[in-house]
Amino acid sequence: MRVFLWRDLIDTWHFSQLLALWAGRKIAAPIQPRFVMSNAVIQVPAAPAHAAIEHFKAEFTFETDCWDTHEALEQGNPGFVLVDARSPEMFAKGHIAGAVNIPHGKIIGSRMTDYPDSTLFVTYCAGPHCNGAARAALKLARLGFPVKIMSGGVTGWLDEGFDLQAN
């Protein structure tokens, strides 16, 4: 006597679906691969489309990218102040033309009084390995300013093929 396993039942079902397909009848469901290896990507299911839309749409309220920043700066009046949150030494070695250097540790209310409350700031730092842009953005937000981070920082800027300006 043979013991049937779930695998045998699934194989039998797949075979019946293939026979039905071959005979020209409609099959009940598409044939799926028998085994999918588990991995970290698929262990947690993806969000439903409506939740993903809201999440990714919200990301654009917090960040911009190097390409869009570059294009805006090329227009001459970008509508934001670009803040290099790195040290003065790093800024002098190379920074984005038009950026002002305000290290995140120096962002305090008395220093920011020259800017109207509605001034949009875009912060950047060295790159993905650095959190200076996030620190600067947090301080600016706490002071009541609208702010975004330029994703990628200097690393992303250079990866896009854009130049830095040195003092």
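The structure presented is a predicted model; accordingly, all values stated were derived computationally and were not measured. When reading the values below, keep in mind they use all heavy atoms of this one structure, side chains included, and skip hydrogens, waters and symmetry mates.
Side-chain contact between Thr64 and Ser151 is absent, with no heavy atoms from C-beta onward closer than 4.5 Å. A 4.5 Å side-chain heavy-atom check between Phe80 and Thr119 finds every atom pair outside the cut-off. The closest side-chain heavy-atom distance from Ile107 to Leu143 is below 4.5 Å. Looking at Ile96 and Leu82, their side chains come closer than 4.5 Å, going by heavy atoms from C-beta outward. Looking at heavy atoms from C-beta onward, Tyr124 lies out of side-chain contact with Lys148 at the 4.5 angstrom threshold. Counting only heavy atoms from C-beta outward, the side chains of Lys106 and Arg111 approach each other to under 4.5 Å. Residues His95 and Arg86 form a side-chain contact, since some pair of their non-hydrogen atoms from C-beta on lies under 4.5 Å apart. No side-chain heavy atom of Asp84 sits less than 4.5 Å from a side-chain heavy atom of Ile102.
Of all the heavy atoms in Thr123 and Ala136, the pair that sits closest is CG2-CB, 3.9 Å. Looking at every heavy atom in both residues, Cys125 comes nearest to Gly132 through SG-N, 3.8 Å. Closest non-hydrogen pair, Cys66 versus Glu160, comes out as CB-CG, 4.0 Å. Taking all atoms of both residues into account, the shortest heavy-atom contact from Phe91 to Val100 is CE1-C, 4.2 Å. Shown here for Gly79 and Leu120, the closest heavy-atom pair between the two residues is O-CB, 3.9 Å. The minimum heavy-atom distance between Pro128 and Thr155, with the atom names listed, is CD-CB, 4.0 Å.
Hydrophobic clustering (ILVMFWY, side-chain heavy atoms < 4.5 Å, transitive): Val147 and Val83 are in one cluster. Under the 4.5 Å side-chain contact rule for hydrophobic residues, Val122 and Val154 share a cluster. Transitive grouping of hydrophobic side chains (ILVMFWY, heavy atoms separated by less than 4.5 Å) keeps Met150 and Val81 in distinct clusters.
With no hydrogens or angles considered, a side-chain donor-acceptor pair links Glu59 and His55 at under 3.5 Å.
Note that CZ of Arg135 and CG of Leu138 are 9.0 Å apart. Values are rounded to the nearest 0.5 Å. Atoms CE and CD1, on Met112 and Ile108 in that order, are 10.0 Å from each other to the nearest 0.5 Å. To the nearest 0.5 angstrom, Asp65 atom CG is 9.0 Å from Glu71 atom CD.
Side-chain atoms of His104 never come within 3.5 Å of backbone atoms of Ala85 as a donor-acceptor pair (strictly under, hydrogens ignored).
For Trp67 and Phe162, the ring centers are positioned less than 6.0 Å apart.
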**Request:** Decide yes or no on side chain to side chain contact (heavy atoms under 4.5 Å, CB included) for Leu164 and Trp157, but give the supporting numbers first.
**Result:** CA-CA 8 Å; Leu164 296 177; Trp157 189 264; 3.6 Å; yes
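By the 30° and 60° cut-offs, the orientation of the rings of Phe121 relative to Tyr115 is perpendicular.
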